[in-house]
Amino acid sequence: MALSRDSASRVDRICLAIRRAIIERALAPGDKLPEDALGERFGVSRTIARQALGQLAGEGLVDLRRNRIAVVATPTFEEARDTFDIRVELERLVVRHLAGALGPEQIAELNAHIAAQDKAAGGPEAASIRLATDFHVLLARMTGKPILIRYVSEVAYRSGLSLSAYGRPHSPECAVNEHRSLVEALAKGDRDAAMRLMAGHLEAVADRAFLPDADRGTRNLVDILAPYVED
């Protein structure tokens, strides 16, 4: 049965919040996502919460277990590395399409985003991580290719989940510098350099990141998601 527009909007709102919480490492692999707690936090029925969890499961971000228990997915180390390998090829395709094809307004938008990353570098790690991911999604959107946008967005979030599972602290300075060099190559129309820089950037992210993280203990889902409800 198809969801009404209002119900679909509520599902999208929950999905967006949980994706952001995963990217920002507020939610970690293995964290439980009870339908009743989600419904309470977002003011929706358990049915709507269940629909959102099903959508996130389809994206590889949530595992649905017996008795309707949902948890944030825990990728294996091999799956995490495979995700980055796939992401490299997808994003090389993105910059291949964009090199020399971006207008002044798009270049300005990318530079403004990098400036926001630079400004956030000295603040909370969560904001830097989110902005770094959003940069890649923004590039994909600039291709105007719906399938590529969808796949890049999904693999970017799955990469965020992998980094949450195995990552060491995020390096905002490296991300900003690498993004800036990439935009310069795109603005010059240097396709080969852009593809090389994108591959090098993502491989460097993986190399910097993949180290087992410390256990963060038991946390309350309602409290974790509180900052994401209104955003």
Side-chain angles (χ1 to χ4, degrees), residues 3 8 10-35 37-38 42 47-94 126 129-141 143 145-168 170 198-199 201-203 205-213 215-216 219 221 224-225 228:
L3 293 174
R10 290 168 183 251
V11 168
D12 288 344
R13 180 169 165 244
I14 295 171
C15 289
L16 177 61
I18 292 178
R19 289 189 201 105
R20 283 191 58 186
I22 289 172
I23 284 291
E24 296 183 4
R25 304 184 190 178
L27 282 173
D31 280 350
K32 292 182 179 179
L33 300 168
E35 293 172 3
L38 287 176
F42 290 93
T47 300
I48 295 295
R50 191 177 308 133
Q51 289 281 351
L53 291 171
Q55 182 170 319
L56 292 166
E59 297 172 11
L61 299 179
V62 167
D63 284 337
L64 299 178
R65 300 178 178 175
R66 294 180 181 179
N67 302 320
R68 295 181 176 174
I69 295 175
V71 299
V72 177
T74 304
T76 65
F77 190 83
E78 183 178 1
E79 288 170 341
R81 290 300 321 207
D82 286 347
T83 296
F84 267 88
D85 288 343
I86 293 167
R87 184 176 178 185
V88 166
E89 296 307 316
L90 283 172
E91 297 211 41
R92 274 167 51 87
L93 183 59
V94 167
I129 294 172
R130 173 174 49 80
L131 286 168
T133 302
D134 287 348
F135 174 82
H136 291 267
V137 175
L138 176 59
L139 282 175
R141 288 176 178 161
T143 68
K145 297 181 179 296
I147 295 176
L148 191 54
I149 295 168
R150 174 186 170 184
Y151 287 150
V152 169
S153 298
E154 288 189 8
V155 81
Y157 288 120
R158 292 189 72 164
S159 296
L161 179 62
S162 296
L163 294 176
S164 180
Y166 299 104
R168 67 181 75 178
H170 172 67
M198 178 61 83
H201 167 54
L202 292 175
E203 288 163 1
V205 170
D207 289 343
R208 286 194 296 263
F210 285 137
L211 186 73
D213 209 1
D215 177 50
R216 294 187 291 178
R219 296 164 302 143
L221 179 67
I224 291 169
L225 291 176
Y228 300 91

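Predicted model only: the values in this text are computed from it and were never measured. Only this structure's heavy atoms are used, side chains among them; waters, hydrogens and symmetry mates stay out.
Rounding to the nearest 0.5 Å places OG of S153 at 8.5 Å from CZ of R19. Distance check, rounded to the nearest 0.5 Å: CG of L53 to CG of L61 gives 11.0 Å. The CZ atom of R20 lies 9.0 Å from the OH atom of Y157; values are rounded to the nearest 0.5 Å. Here the CD1 atom belonging to I22 is positioned 12.5 Å from the CG atom belonging to L163, to the nearest 0.5 angstrom. Of the inter-residue distances, the one linking E79 atom CD with L161 atom CG reads 9.5 Å to the nearest 0.5 angstrom. Taking CG from L90 and CD1 from I149, the interatomic distance works out to 12.5 Å, rounded to the nearest 0.5 Å.
Residue E24 comes nearest to A126 through the heavy atom pair CG-O, 3.5 Å, listed as atom of the first residue, atom of the second, then distance. Closest non-hydrogen pair, T74 versus G30, comes out as OG1-N, 3.4 Å. A pairwise comparison of heavy atoms in I23 and A156 identifies CD1-O, 4.0 Å as the closest pair. When all heavy atoms are compared, the tightest approach of G60 to A73 is O-CB, 3.6 Å. Of all the heavy atoms in L56 and C15, the pair that sits closest is CG-SG, 3.9 Å.
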Q: May I have the step-by-step check of side-chain contact (heavy atoms from CB on, under 4.5 Å) for D12 and Q55, ending in yes or no?
A: CA-CA 9 Å; D12 288 344; Q55 182 170 319; 4.1 Å; yes

Worksheet item: Would T143 and V152 count as a side-chain contact (heavy atoms from CB on, under 4.5 Å) if you check the C-alpha gap in whole Å, the side-chain angles of each, and the deciding distance to 0.1 Å?
Response: CA-CA 11 Å; T143 68; V152 169; over 6 Å; no

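When side chains are defined from C-beta on, M198 does not count as touching V88, because their heavy atoms never get closer than 4.5 Å. Between R158 and I86, the closest side-chain pair of non-hydrogen atoms is not below 4.5 Å. Between V72 and I18 there is no side-chain heavy-atom pair separated by less than 4.5 Å. Using a 4.5 Å cut-off on side-chain heavy atoms (C-beta onward), R50 and L38 make no contact.
Between the side chain of S164 and the backbone N or O of G160, no donor-acceptor pair lies under 3.5 Å. Put simply, the side chain of T133 gets close to the backbone of I129: a donor and an acceptor are under 3.5 Å apart.
Crowding of R87 atom CZ: a count of heavy atoms from other residues, nucleotides or ligands under 6.0 Å exceeding 12.
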